[in-house]
There are 2 protein chains.
Amino acid sequence: MTTTRRLHTQQDMRRRNLAAVLYAVADGGPASRARVADRIGLTRTAVSTLVDDLLAAGLLAEAGLGHSGAPGRPGTVLALSDRGPCGLGAEIGVDHLAVCAVDLRGRVRARAAVDSANRGSAPEPVLARLAALVTRVHDEVTAAGLHPAGLRVAVPGLVSRDRAHVVQAPNLGWRDVDLTTGPLAAHAPLTADNEANLGALAELWIGDPVCRTGDVLHISAEIGIGSAILTDGRLLRGNRGFAGELGHVPVRRRGENCACGGRGCLEQYAGEAALLRAVGLDPARAVADHPGPGARSAYLAGRAEHGDPDVLRALRGAGTDLGIALTGATHLLDPHALVLGGALAVLAPWLLPSLTAELTRRLGTAPPLVVSRLGADGPLLGAAHAVTRTVLDDPLRTGTAPG
Amino acid sequence: MTTTRRLHTQQDMRRRNLAAVLYAVADGGPASRARVADRIGLTRTAVSTLVDDLLAAGLLAEAGLGHSGAPGRPGTVLALSDRGPCGLGAEIGVDHLAVCAVDLRGRVRARAAVDSANRGSAPEPVLARLAALVTRVHDEVTAAGLHPAGLRVAVPGLVSRDRAHVVQAPNLGWRDVDLTTGPLAAHAPLTADNEANLGALAELWIGDPVCRTGDVLHISAEIGIGSAILTDGRLLRGNRGFAGELGHVPVRRRGENCACGGRGCLEQYAGEAALLRAVGLDPARAVADHPGPGARSAYLAGRAEHGDPDVLRALRGAGTDLGIALTGATHLLDPHALVLGGALAVLAPWLLPSLTAELTRRLGTAPPLVVSRLGADGPLLGAAHAVTRTVLDDPLRTGTAPG
DNA sequence: GCCATTTCGTCAGGGCTATTTACAAATTAG
DNA sequence: CTAATTTGTAAATAGCCCTGACGAAATGGC
């Protein structure tokens, strides 16, 4: 009952201002203390003491004097450290594994990936293979003077609220897998999240600027059709963390029965399996023939580029059904933009005509449709950036656990 | 580009802690300084100085010594003042006007209402009639020692981002009406909001406790079918403030054409007009025959109670279509609960069977369906409470404008 | 080259906020 | 009546940011 208000102690104030300094440098680029003070509205004096702490913690670094040509003493340029903490991101795909490391400046400093038939496999060998990749990347960035502050794992499924367990990953066949007990968590504190969520966050942080200016619905099809709702710079997760299941929004009143228990779900008409079936392929065979992230989409895109009429018709139909589902979502959320990520970004050229037609027909003025430029890399980059974000948000780690 | 972080000054800290004290008393009930300190995690000393300011501002009042029976010196009980600021709420319905005043304790101290055929009327006479009600309520509470801190107006339509204009109210026939220039704003700073939003906020603040514990979708049909998304104790408004238009979510791929430009919209099957037509009535005639808030719903409920087969069938169908739309919304938002407010609350007994059947069939486990106990009073009470909330949130008015 | 001007970073002093410590006041338990 | 407990306040302290002032380091005009 008691709505305990987050109360603000002086430490909270300090923490926020430390974060404000870091974000001023992260978003606005390297700058002197005086310029940072102008950006965030504090005095030079206050910024100086904040910067002292951040230099001591190894989060900021001085990069010499800045020559601007303007009169006045030049300031010492402050930049985010490229030898301080970094974030490790990992991705468990249906048929591949990937790991990368990102420094505070947002640069990818190391990455590794392998094909891996994870569908239907027991978790242990998959996690062991992934742990080997993590070790490789970890050693590489450690040699470069970085120290990983955490490891976030992108999972194609539902993740528990404490971010430690995979509750359910239908496309892997996993249920209730604890990620923290295995060898994965050996190098850095581990947290997990849904890949669609991380893909959307990547878009928010390093993707199209339109995502930073309002509420956005980020649609990201891989095997299923997921989505993520970004509102006010944050992710809407829902009660159990299951929000964004666009693939199971009904688009036909009496349609195909779906594995989710419903019928007429969007996924039955615009999902990868539906597309493959519509062009006369067996989904299971196709996955075996074209393994790897985005391989089926690339295959379909290839056929579409050659004008294959079956593929073109299938994509046209998928665009229309996607348009129906997104009409409903737009009425509910009134988003600032709709972003197509993952496989949808690759297939966008052939989906967009019927999709935009359906949206404008039903909505009059549809929100702008943006195609992600991160594509299949979104979830992996989002995972790594999620870690560096926790460092920037609470620079001196006065908080307890990484968010 | 520069994501300007809200920086925290000492004044911000103070403001938050002042608000924390007020909410500790508002949510947890009257209590001594020491007990408040325990509730919000500050020291007794700090709470004492905060309370001093709040007493001086007339927001808190000392209510004698508390006798608990436990050993130790009894504390002086602090309660929210019932003679300090209050909130004025007003409602512009299609066929009625209402105003009420709520004190900081949440009690309704005065109210007034009249039937008024507003549909199709020019704004000026309507606003003049409403202003007369406001004056009556204002004088009444002023005589009781309260001073109104603001007036919030609930409008059945879309409100501009600055909360001063009605952008569009189709059921009134209004477009671009400035509310602040008329006689309405004479007594207190005026802001407007959508009635569905305010109904949902009322549910959050004074309604079912389930709304306070997670994300909630609040459905409130009056003439149209609106909804509001509560996430993390706040309202999701969307890009233009149009979020929550549940009535225009498609439930039929090729259905009736709707005034919104779409087709197969939920409102065509579960809206008030559709229900009236389904039982053989002309919607316009029915509104004339049964004016007033909730009158058509009450009429339909009356016939349903007598077992009228046409009405029962119509409500069954509406429940099913509502279930389809809410299935999609649940997949997108994963809400903690679905709340039925407004006319839906009255008709709930006959809607719920087919609605829950559709939801459980499609979702497996549906979120709990809660029937609002505020009913038609929601928007009006929400409007008044919205004002008192701005007082509690920033007790000493260091901020500029009321939110 | 020299000096005025401008900007940068830091130091000293002060104000605001909450905490610590201490203490008087008011109640219950025995 | 005394011991124990709890309440509210006062004084001193620590943390954080601001104001004002100052030396340092650049540019521009002479």
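Naming convention: chains lettered A, B, ... in sequence-line order (proteins, then strands); numbering from 1 in each chain.
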> Would you call the rings of A:H138 and A:H187 parallel, tilted or perpendicular, where under 30° means parallel and over 60° means perpendicular?
parallel
> Distance check needed: C:dG9 P versus A:L60 CG, whole Å only.
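Interatomic distance, CG of A:L60 to P of C:dG9: 13 Å.
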> Is A:Q10 side chain donor-acceptor paired with the D:dC16 base, going by distance under 3.5 Å alone?
no
> Can you tell me whether the side chain of B:T45 and the base of C:dT20 have a donor-acceptor pair closer than 3.5 Å?
yes
> To the nearest 0.5 angstrom, please state how far the NE2 atom of B:H218 sits from the CG atom of B:L204.
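Going from the NE2 atom of B:H218 to the CG atom of B:L204 covers 10.0 Å.
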> A:L55 has an atom CG; how far is it from atom P of C:dT10, in whole Å?
9 Å
> Can you give me the closest heavy-atom contact between A:S32 and A:G75, atom names plus distance?
CB-CA, 3.9 Å
> So, does A:S48 get its side chain near the phosphate of C:dT10, meaning an N or O under 4.0 Å from OP1 or OP2?
yes
> Round to the nearest Å and state the distance from A:Q11 atom CD to D:dA14 atom P.
14 Å
> Strictly below 4.0 Å: does B:N17 bring a side-chain N or O up to OP1 or OP2 of C:dT17?
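Looking at the OP1 and OP2 atoms of C:dT17, neither is under 4.0 Å from any side-chain N or O of B:N17.
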> Between C:dC16 atom P and A:M13 atom CE, what is the distance in whole Å?
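In whole Å, C:dC16 P and A:M13 CE are 14 Å from each other.
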> Taking all non-hydrogen atoms of both residues, which atom of A:G87 and which atom of A:T388 are closest, and how far apart?
N-CG2, 3.5 Å
> Where do A:V210 and A:T213 come nearest, in terms of heavy atoms and distance?
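Residues A:V210 and A:T213, closest heavy atoms: O-OG1, 2.9 Å.
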> To the nearest Å, how far apart are B:R33 CZ and C:dA25 P?
17 Å
> Do any of residues 71-81 of chain B sit with a heavy atom less than 4.0 Å from DNA chain C, and if so which?
B:P71, B:G72, B:R73, B:P74
> Could you state the atom-to-atom distance from CG of B:L42 to P of D:dT7 in whole Å?
16 Å
> Measure the CG-CZ distance between A:D232 and B:R234 for me, rounded to the nearest 0.5 Å.
5.0 Å
> How many whole angstroms separate atom CG of A:L65 from atom C1' of C:dG9?
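Value for this atom pair: 11 Å.
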> What's the shortest heavy-atom distance between A:A19 and A:P395, and which atoms?
N-CG, 3.9 Å
> Report for the helix from C:dG1-D:dC30 to C:dG30-D:dC1: angle between first-end and last-end helix axes, five pairs each, rounded to 10 degrees.
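End axes: 0° apart.
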> Could you tabulate the donor-acceptor pairs under 3.5 Å formed by side-chain atoms of residues 52-64 of chain A, not counting sequence neighbours?
{"from": "A:D53", "atom 1": "OD2", "to": "A:R14", "atom 2": "NH2", "distance (Å)": "2.9"}
{"from": "A:E62", "atom 1": "OE2", "to": "A:R33", "atom 2": "NH1", "distance (Å)": "3.3"}
{"from": "A:E62", "atom 1": "OE2", "to": "A:R33", "atom 2": "NH2", "distance (Å)": "2.8"}

> A:R44 or A:L50: which one's nearest nucleotide on DNA chain D is closer to the 5' end?
A:L50
> For the pair B:R15 and B:D12, evaluate salt bridge (charged side-chain N to carboxylate O under 4.0 Å, His left out) and give the outcome as yes or no after the intermediate values.
CA-CA 5 Å; B:R15 192 185 318 166; B:D12 279 318; 3.5 Å; yes
> Just how far, in rounded Å, is P of C:dT19 from CG of B:D38?
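Answer to the nearest Å: 13 Å.
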